[in-house]
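Below you'll find the structure, written out as C-alpha cells, and then a few comments.
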Protein chains: 2
Amino acid sequence: MGINAVFEALSHPVRRRILALLKDGPLSAGELAGHFDLTKPTLSVHFNKLRDAELVAVERRGTSLIYHLNTSILEEALAGLLSLKDPET
Amino acid sequence: MGINAVFEALSHPVRRRILALLKDGPLSAGELAGHFDLTKPTLSVHFNKLRDAELVAVERRGTSLIYHLNTSILEEALAGLLSLKDPET
DNA sequence: GCTTTATTTAGATGTTTCTCTAATTAGAGT
DNA sequence: ACTCTAATTAGAGAAACATCTAAATAAAGC
C-alpha cells in the first residue's frame, strides 16, 4: 500500500500506542483492547489500518488473533523521515 | 502543540513533499506553490499545519513569506519513531 | 450441532480534512 | 492615497475518519 498508508497509520495516537505496546512482544486483539477506553470494534478498525500499512502482522491462534510488530516497515518510515532531513538523499 | 500535531502534519504527502523541498534551503510560499498542481490557498492551509507543528518556521521578506525547515522537530519525530522500535525507551 | 469466546464487519452519526473560489490583509513602489 | 504583487483567511462542499451499537464470522469444546 506504500509509504503513504504508513504515515497515515502513524498519525493517530491510539495507533502509535498500539505499536508501542507491541514493541515488547506480540499481543492478542483482546489484550490490546484492554489498554484502551475504546470499544473493541473501534480498536479493530485501528488494527486494520495498521495491517493495511503492514506495520503489524496478524496470526491466528485458536480463537484469538495475535498481532505483532513489523519492524521493517517502521524502518521504512524512519528512512522516509531521515530523507527529509539529510541532503544526500 | 506537541508530537501529535507533528505526526498529523507528516501524514499528508503534499506536506511531506513541502518538507523535502525545504530540505535544500528556504523557499517562499509562491516558489513552493509552483511545485504543485494545487491552488495557493490550498497550499497555504498546508503551510499552516506545518507551522502549527513547528516543522517549519516562517519569516517575512518584503511581500514574500519565506519558509524554512525546523530540523529539531523532525528529530523529535525521528525519536518518536525510534521509541516504537527500541526496547530501551 | 449448539454454545461460548474472541474478534470482526456493517451501518449510522458527528467531526475533521482537503480542496476550491472569492474576499481580505500586508508590504513596496509610484 | 493608489496600485501591484504575494499570500492569507473565510466560507462552502465533498470525502474521509473515528466512534458507537448491533449483527455476523471463526474456532473450540461439550
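Here is the naming used below: chain letters follow the sequence lines, and residue numbers restart at 1 for every chain. This one's a predicted model, so the numbers in the text were calculated from it and none came from an experiment.
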Worksheet item: Taking atom types as modelled and ignoring hydrogens, do the side chains of B:R51 and B:N70 form a donor-acceptor contact shorter than 3.5 angstrom?
Response: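 There is no such pair (donor and acceptor under 3.5 Å, judged by atom type) between the side chains of B:R51 and B:N70.
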Worksheet item: Taking the side chain from A:R16 and the backbone from B:F7, do they hold a donor-acceptor pair closer than 3.5 Å?
Response: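 No, A:R16 side chain to B:F7 backbone: no donor-acceptor pair under 3.5 Å.
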Starting from [atom2] on [N], measure out to [atom1] on [X] and report it in whole angstrom.
X     : N      : atom1 : atom2 : answer
A:L27 : C:dT7  : CG    : P     : 11 Å
A:I66 : D:dA26 : CD1   : C1'   : 14 Å
B:L32 : D:dA7  : CG    : C1'   : 12 Å
A:R61 : D:dA26 : CZ    : P     : 21 Å
B:L38 : C:dT21 : CG    : C1'   : 14 Å
A:L43 : D:dT19 : CG    : P     : 9 Å
A:N48 : C:dT8  : CG    : P     : 7 Å
B:F36 : C:dC20 : CZ    : C1'   : 17 Å

Item to complete: Could you check whether A:R15 gets within reach of a base, just the sugar-phosphate, or nothing at all, counting any heavy atom under 4.0 Å?
Response: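 Since only primed, P, OP1 and OP2 atoms lie under 4.0 Å of A:R15, the category is sugar-phosphate.
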Fill in: 5' priority, DNA chain D, between B:A29 and A:V45 [closest heavy atom]
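Nearest nucleotide further toward 5': that of B:A29.
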Discussion item. Using heavy-atom distances to pick each residue's nearest nucleotide on DNA chain D, tell me which of B:L65 and A:E8 is more 5'.
Written reply: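 Residue closer to the 5' terminus by nearest nucleotide: B:L65.
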With the side chain of [X] defined as its heavy atoms from C-beta on, choose the nearest nucleotide among [options].
X     : options               : value
A:S64 : D:dT19, C:dT19, C:dA6 : C:dA6
B:R60 : D:dT8, C:dA26, C:dT5  : C:dA26
A:S28 : C:dT8, D:dA18, C:dT7  : C:dT7

Worksheet item: Which sits closer to the 5' end of DNA chain C, B:P41 or A:K40, going by the nucleotide each is nearest to?
Response: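 Result of the comparison: A:K40.
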May I ask you to evaluate whether [X] reaches the phosphate of [N], defined as a side-chain N or O under 4.0 Å from OP1 or OP2?
X     : N      : value
A:T39 : D:dC20 : yes
B:Y67 : D:dA6  : no
A:T63 : C:dT5  : no
A:H46 : D:dT19 : yes
B:T42 : C:dC18 : no

Practice prompt. Evaluate the side-chain proximity of A:K85 to B:K23: yes if any heavy-atom separation is below 4.5 Å, no if none is.
Written response: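 Side-chain contact under 4.5 Å: no.
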Discussion item. A side-chain contact here means heavy atoms from C-beta on lying under 4.5 Å apart; do A:E8 and A:R15 qualify?
Written reply: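 Counting from C-beta outward, A:E8 and A:R15 do come under 4.5 Å.
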Worksheet item: Side-chain heavy atoms under 4.5 angstrom apart, residues restricted to Ile, Leu, Val, Met, Phe, Trp, Tyr: same cluster for B:V45 and B:V58?
Response: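 Hydrophobic grouping puts B:V45 apart from B:V58.
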